[in-house]
Amino acid sequence: MVARDLLGRLLVRRLDGEVLVARIVETEAYQQDDPASHSYAGRTARNEVMFGPAGFLYVYFTYGMHYCMNVVTGRVGEGSAVLLRAAEPVSGTAVMARRRGVSSARLLCSGPARLTQAFGVARTENGLDLVDGNELWIAAGRRTPDVGVAVGPRVGIRRAADVPWRYWVAGSPFVSRGGPAARG
DNA sequence: CGTTGGATTGGCT
DNA sequence: GCCAATCCAACGC
């Protein structure tokens with residue numbers, strides 16, 4: 001499963017002559033036959049990228065002010081993606097802090113919208129190639145071993161709320177607020 | 001064409 | 001813990 005395999009991988013961003021790196025610590029899977037997925041009702045201008053080839057970036061705007069980023073995963077025409085929910089800053093943290101307006105490392109990328117803000121990802125970046133790209137891409141890093149992976153229901157959705165398709169690095173202080181820390 | 005509510009966050013109680 | 005902020009896609013009439 002791509003969502004699980006992305007834990008421990010590195011998200012790399014070239015921005016303003018600097019290089020930002022963060023280790024992915026929280027993801028969620030969204031599939032075609034999934035009532036909670038943007039692709040569930042079919043192809044639209046907004047979710048177009050989800051139906052393209054795997055390895056590309058799907059960015060959407062929500063709550064009137066936030067962007068979230070996904071890695072497209074399915075076959076062409078399928079409409080599946082993995083939401084990147086949180087990451088642990090590795091380098092370029094000064095740039096992230098400036099973009100976020102906070103200094104605490106824990107607040108830089110610990111949420112889907114925080115991550116896009118720290119990495120300078122918005123509508124313009126929708127559709128970028130995350131495998132062969134040179135602005136934003138995912139590097140191998142070190143895949144988190146099974147013993148370090150926790151699984152649970154996805155955050156902030158109403159439909160298919162019980163399906164355990166959220167993955168995170170157990171015990172990481174860099175996971176999102178809506179994540180495991182907020183639950184009993 | 002009007003209404004509704006969202007894959008969130010930060011600030012206030 | 002609760003709620004406003006603020007745009008826009010989806011859906012109902």
Side-chain angles (χ1 to χ4, degrees), chain A residues 1-7 9 11 22 24-52 54 56-74 78-89 96-128 130 136 138 150-169 172-184:
Chain A
M1 189 161 234
V2 178
R4 180 255 171 276
D5 289 338
L6 280 173
L7 294 181
R9 306 304 187 182
L11 184 65
I24 298 168
V25 298
E26 186 181 345
T27 63
E28 284 180 359
Y30 287 86
Q31 325 231 333
Q32 174 75 75
D33 294 338
D34 174 3
S37 174
H38 289 170
S39 60
Y40 186 64
R43 187 192 293 241
T44 66
R46 177 212 207 185
N47 64 28
E48 176 68 27
V49 178
M50 285 185 85
F51 291 85
F56 283 74
L57 179 72
Y58 166 50
V59 178
Y60 68 86
F61 180 73
T62 191
Y63 290 105
M65 62 185 83
H66 297 304
Y67 292 96
C68 295
M69 63 184 206
N70 298 250
V71 181
V72 175
T73 58
E78 189 178 297
S80 300
V82 170
L83 171 69
L84 301 186
R85 287 194 56 90
E88 173 181 349
M96 296 180 200
R98 174 156 44 80
R99 300 193 70 93
R100 290 273 301 114
V102 296
S103 55
S104 167
R106 295 182 54 141
L107 296 176
L108 295 180
C109 308
S110 56
R114 287 171 173 173
L115 181 62
T116 56
Q117 189 180 22
F119 272 66
V121 171
R123 230 184 285 273
T124 326
E125 282 69 35
N126 188 41
L128 286 183
L130 294 173
L136 177 68
I138 292 173
V151 184
R154 295 172 293 182
V155 175
I157 55 173
R158 304 172 67 95
R159 298 182 293 185
D162 53 324
V163 183
W165 286 342
R166 177 164 52 95
Y167 300 84
W168 70 94
V169 174
S172 172
F174 299 98
V175 299
S176 73
R177 159 180 165 180
R183 305 187 309 130

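Owing to the predicted nature of the structure, the values given are computational and were not obtained by experimental measurement. The sequence lines fix the lettering, A, B, ..., with proteins before strands; numbering per chain opens at 1.
- Counting distance only, with no hydrogens placed and no angle test, the side-chain atoms of A:Arg159 and the base atoms of B:dG6 include no donor-acceptor pair under 3.5 Å.
- Atom pair A:Arg154:CZ and B:dA7:P shows a separation of 10 Å (rounding to whole Å applied).
- Between A:Tyr58 and A:His38, the ring planes are perpendicular. Angles over 60° get that label, and only those under 30° would be called parallel.
- Under the rule for a ring pair (Phe, Tyr, Trp, His ring centres under 6.0 Å), A:Phe51 has no partner lying at least two apart in sequence or in another chain.
- Checked against B:dT8, B:dA7, C:dC8, the side chain of A:Arg123 finds its nearest nucleotide in C:dC8.
- Listed here is the closest heavy atom pair of A:Leu6 and A:Ile24: O-CB, 3.5 Å.
- Atoms OH (A:Tyr40) and P (B:dG6) sit 16 Å apart, rounded to a whole Å.
- In terms of heavy atoms, A:Val155 sits closest to A:Arg166 at CG2-NE, 3.5 Å.
- Look at A:Tyr63 and the base of C:dA5; the rings do not stack under the cut-offs of 5.5 Å between centres and 30° between planes.
- Rounded to the nearest 0.5 Å, atoms CG (A:Leu108) and CZ (A:Arg98) are 12.5 Å apart.
- Checking B:dT8, C:dC2, C:dC8 against the side-chain heavy atoms of A:Pro112 singles out B:dT8 as nearest.
- Considering only side-chain atoms of A:Arg114, the nucleotide from B:dA7, C:dT6, B:dG10 that sits closest is B:dG10.
- Taking atom P on both nucleotides, C:dA4 is separated from B:dT4 by 16 Å, rounded to a whole Å.
- Phosphate proximity of B:dG6 to A:Arg158: present, with a side-chain N or O under 4.0 Å from OP1 or OP2.
- Counting to the nearest Å, the P atom of C:dA10 and the CZ atom of A:Arg43 are 14 Å from each other.
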Hey, mind stepping through A:Arg106 and A:Phe174 against side-chain contact (heavy atoms from CB on, under 4.5 Å) and telling me if it holds?
CA-CA 6 Å; A:Arg106 295 182 54 141; A:Phe174 299 98; 4.3 Å; yes

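- An OP1 or OP2 oxygen of B:dT8 is reached within less than 4.0 angstrom by a side-chain nitrogen or oxygen of A:Arg85.
- Nearest to the side chain of A:Arg177, among B:dT8, C:dC7, B:dG10, sits B:dG10.
- Across the interface with DNA chain C, nearest-nucleotide mapping of A:Asn47 and A:His66 shows A:His66 to be the residue nearer the 5′ end.
- The residue among A:Ser39 and A:Gln117 whose nearest nucleotide of DNA chain B lies closer to the 5′ end is A:Ser39.
- With distances taken from any side-chain atom of A:Phe61 to the nucleotides C:dC8, B:dA7, C:dA5, the minimum falls on C:dC8.
- Within the 4.0 angstrom heavy-atom criterion, only backbone atoms of the sugar-phosphate kind lie near A:Arg100; the bases stay farther away.
- Contact annotation: the side chain of A:Glu125 approaches that of A:Leu57 to within less than 4.5 Å [non-hydrogen atoms, C-beta and beyond].
- There is a side-chain donor-acceptor pair under 3.5 Å between A:Arg114 and A:Ser110.
- A close approach under 4.0 Å does not occur between any side-chain nitrogen or oxygen of A:His38 and OP1 or OP2 of C:dA9.
- Comparing B:dG5 with C:dC3, their C1' atoms are spaced 15 Å from each other, to the whole Å.
- The interatomic distance linking A:Leu115 (CG) with B:dA7 (P) rounds to 17 Å, in whole Å.
- Between A:Arg46 and B:dG6, a side-chain N or O to OP1/OP2 separation shorter than 4.0 Å is absent.
- A:Ala36 comes within 4.0 angstrom of a nucleotide base, judged by non-hydrogen atoms across all strands.
- Put simply, CE on A:Met65 is 11 Å from P on B:dT9, counting in whole angstrom units.
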Dot-bracket pairing map - DNA chain C, Watson-Crick plus G-U, both contacts under 3.5 Å, | cross-strand
|||||.||||||.

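- Look at CZ on A:Arg106: it is 15 Å from P on B:dT9, rounded to the nearest Å.
- A donor atom on one side chain and an acceptor atom on the other are found under 3.5 Å apart for A:Gln117 and A:Arg100.
- Between C:dA10 and A:Thr44, a contact under 4.0 Å exists linking OP1 or OP2 to a side-chain N or O.
- Spacing between atom CD of A:Glu26 and atom C1' of B:dA7 amounts to 11 Å, rounded to whole angstrom units.
- The distance between atom CG of A:Leu107 and atom P of B:dG10, rounded to the nearest whole Å, is 7 Å.
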